[in-house]
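Have a look at the structure below before the remarks.
Because only heavy atoms are used, hydrogens play no part in the values below, and waters and symmetry mates are left out as well, while side chains stay in.
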Amino acid sequence: VMLHSTLALSLLLIAVSSNLAMAIKKEKRAPQTLSRGWGDEITWVQTYEEGLYQAKKSNKPLMVIHHLEDCQYCQALKKAFAENEEIQEMAQNNFVMLNLMHETADKNLSPDGQYVPRIMFVDPSLTVRADITGRYSNRLYTYEPQDIPFLIENMKKALRLIQTEL
């Protein structure tokens with residue numbers, strides 16, 4: 001009888017601990033809803049303020065993606081962004097990442113208007129890099145799926161500029 005109850009208790013403990021482990025794992029996966037399809041392996045911050053704080057703390061540039069759910073250009077860019085391994089790896093390792101479906105109070109993030117998609121970089125010194133622009137003169141910070149190589153260059157530029165300026 002003693003053996004039986006010990007076995008039952010240890011099985012109960014195993015069940016409880018594996019449930020706990022799954023809960024912890026789920027907890028760790030929680031931020032994935034913040035990816036909104038831009039990359040589930042990337043750790044996303046929730047707010048612009050949190051992004052600024054993390055950029056300063058980690059000495060990494062903050063990349064801010066403005067987009068809307070019902071915008072076909074955003075959807076197309078998101079797909080290309082999520083499928084590009086080099087972007088995903090850089091975003092995960094070298095940047096503080098934020099994607100927003102609303103505007104922030106910081107007017108520096110919309111120097112030429114509040115269009116989407118719009119991608120801007122903020123230096124760890126908390127300076128919005130208005131000098132890192134896309135290919136289009138009418139919407140300086142927009143990118144199309146075919147501009148992914150250009151976006152990669154701009155990500156590298158954002159990283160390079162930190163090293164030279166700090």
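Using a cutoff of 4.0 Å between basic side-chain nitrogens and carboxylate oxygens, Glu86 and Lys156 are scored as salt-bridged.
Atom CZ of Arg118 sits about 9.5 Å away from atom OG1 of Thr142, to the nearest 0.5 Å. To the nearest 0.5 Å, atom CD1 of residue Ile162 and atom OG1 of residue Thr127 are 10.5 Å apart. With rounding to the nearest 0.5 Å, the separation of CE in Met90 from CG in Asn84 is 8.0 Å. Atom CZ of Arg129 and atom CG of Asn108 lie 13.0 Å apart (nearest 0.5 Å). To the nearest 0.5 angstrom, Arg160 atom CZ is 9.5 Å from Asn154 atom CG. To the nearest 0.5 Å, atoms CD1 (Ile87) and CD (Gln92) are separated by 14.0 Å.
Put simply, the residue from Asp40, Asn99, Thr43 that forms a side chain to side chain donor-acceptor pair (under 3.5 Å) with Ser35 is Asp40.
A 4.5 Å side-chain heavy-atom check between Leu100 and Ile65 finds every atom pair outside the cut-off. In this structure, the side chains of Val128 and Met120 come closer than 4.5 Å at one or more pairs of heavy atoms. Counting only heavy atoms from C-beta outward, the side chains of Ser58 and Pro124 never approach each other to under 4.5 Å. When side chains are defined from C-beta on, Arg135 does not count as touching Tyr143, because their heavy atoms never get closer than 4.5 Å. Considering only heavy atoms from C-beta on, Lys60 stays 4.5 Å or farther from Asn94 through its side chain. In this structure, Leu161 and Asp131 have side chains that are in contact, with non-hydrogen atoms separated by less than 4.5 Å.
Contact between Ala158 and Pro61 at its shortest, heavy atoms only, is O-CG, 4.2 Å. Considering every non-hydrogen atom in both Ala91 and Met97, the closest pair reads O-CG, 3.4 Å. What you find for Tyr115 and Leu140 is that their closest heavy atoms are OH-N, 3.1 Å. Closest non-hydrogen pair, Arg36 versus Lys78, comes out as O-NZ, 2.7 Å. Scanning all heavy atoms of the two residues, the minimum distance from Met155 to Phe95 falls at O-CZ, 3.2 Å. Nearest heavy-atom pair across Val45 and Leu98 is O-CD1, 3.4 Å.
Applying the 6.0 Å contact sphere to CD of Gln146 captures more than 12 heavy atoms from other residues, nucleotides or ligands.
In this structure, a donor-acceptor pair under 3.5 Å is present between the side chains of Tyr48 and Asp106. Judged by distance alone, the side chains of Ser125 and Asp123 do bring a donor and an acceptor atom under 3.5 Å apart. Residues Gln75 and Glu69 have side chains that bring a donor and an acceptor to within less than 3.5 angstrom of each other.
Note: the hydrophobic cluster containing Val122 also contains Val96 (ILVMFWY, side chain heavy atoms under 4.5 Å, direct or indirect links). Following chains of ILVMFWY side-chain contacts shorter than 4.5 Å, one can reach Phe150 starting from Leu159, so the two form part of one hydrophobic cluster. Leu77 and Ile152 fall within a single hydrophobic cluster, where Ile, Leu, Val, Met, Phe, Trp and Tyr side chains are chained together by heavy-atom contacts under 4.5 Å.
The list of ring pair (Phe, Tyr, Trp, His ring centres under 6.0 Å) pairs with a residue in residues 61-87, not counting sequence neighbours, reads Trp38-His67, Trp38-Phe81.
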Quiz item: Could you go step by step and tell me if Ile42 and Gln88 meet the side chain to side chain contact (heavy atoms under 4.5 Å, CB included) rule?
Solution: CA-CA 7 Å; Ile42 298 169; Gln88 292 292 307; 3.3 Å; yes

Quiz item: What's the verdict on side chain to side chain contact (heavy atoms under 4.5 Å, CB included) for Met63 and Leu151, showing C-alpha distance, side-chain angles and the deciding distance?
Solution: CA-CA 11 Å; Met63 184 171 176; Leu151 178 57; 4.0 Å; yes

Quiz item: What do the steps show when you test Asp112 against Asn138 for side chain to side chain contact (heavy atoms under 4.5 Å, CB included), and what is the final call?
Solution: CA-CA 8 Å; Asp112 64 341; Asn138 60 334; over 6 Å; no

Quiz item: Are Tyr136 and Glu144 close enough, and set up right, to give a side chain to side chain contact (heavy atoms under 4.5 Å, CB included), and what steps lead you there?
Solution: CA-CA 10 Å; Tyr136 307 98; Glu144 293 187 341; 3.2 Å; yes

Quiz item: Can Lys79 and Glu83 be said to form a salt bridge (Lys or Arg N to Asp or Glu O under 4.0 Å), step by step?
Solution: CA-CA 6 Å; Lys79 188 175 186 301; Glu83 286 171 0; 2.9 Å; yes

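The closest donor-acceptor contact from the side chain of Tyr141 to the backbone of Leu109 lies at 3.5 Å or more, if one exists at all. Under a 3.5 Å cut-off, the side chain of Trp44 and the backbone N or O of Thr33 do not form any donor-acceptor pair.
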Show me, pair by pair, the donor-acceptor contacts under 3.5 angstrom made by side chains of residues 49-56, not counting sequence neighbours?
from, atom 1, to, atom 2, distance (Å)
Glu50, OE1, Gln46, N, 2.9

